[in-house]
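Structure, as structure tokens:
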Amino acid sequence: LYSSFCFPMNGDMSGQRQVLSITHSPSVAAIADRHIVIQREAKTGVERRGHKEYVQILAATVDGLDRRRELARMASGDLASDEAEIFAEALIRDGSLHKKKQQQGP
């Protein structure tokens, strides 16, 4: 439901501007032209400012099979099942159809 509201709004804006959406929803992420995964990792290392522990933030663009696996992970948790990957593929297909309809206009 959220993605059916969000897509027309973001789709309209993305024709003229760059749109950045931050989401935990796989259905919203599936309609994106580019998918960037942000991960936060606790690290232990050389002491900095009196602390040995710190947080490292990693960002990586995913596409193809990696994108499908990430959408499956978003949908089902860290242990992505075969069913979740099938669902992720359907989300990607649905997102592509919405984009094509948006480009064709009324």
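Every value quoted in this text rests on a predicted model; they were computed, and no experiment measured them.
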What I want to find out is whether Glu70 reaches Arg73 closely enough, with some N-O distance under 4.0 Å, to be called a salt bridge. yes
Within the supplied structure, the quantity of interest is the number of heavy atoms (other residues, nucleotides, ligands) at a distance under 6.0 Å from Glu41 CD; does it exceed 12? yes
When you group the ILVMFWY residues by side-chain heavy-atom contacts below 4.5 Å and let the links chain together, are Val55 and Ile38 in the same group? yes
Tell me whether Ile92 shares a hydrophobic cluster with Met74, the cluster being built from Ile, Leu, Val, Met, Phe, Trp, Tyr side chains joined at under 4.5 Å. yes
Distance in Å, Phe87 CZ paired with Ser81 OG, rounded so as to fall on 0.5 Å steps: 11.0 Å
Atom CG of Leu91 and atom CZ of Arg68: how far apart are they, to the nearest 0.5 Å? 12.0 Å
Exceeds 12 heavy-atom contacts within 6.0 angstrom, atom CD1 of Ile22: no
For the CD atom of Glu89 and the CZ atom of Arg67, what is their distance to the nearest 0.5 Å? 10.0 Å
Group every Ile, Leu, Val, Met, Phe, Trp and Tyr by side-chain heavy-atom contacts under 4.5 Å, then state whether Ile36 and Ile57 land in the same group. yes
CD (Glu85) and CD (Glu83) are apart, to the nearest 0.5 Å, by 10.0 Å
Quick one: closest heavy-atom pair of Ala29 and Leu71, and the distance? CB-CD2, 3.7 Å
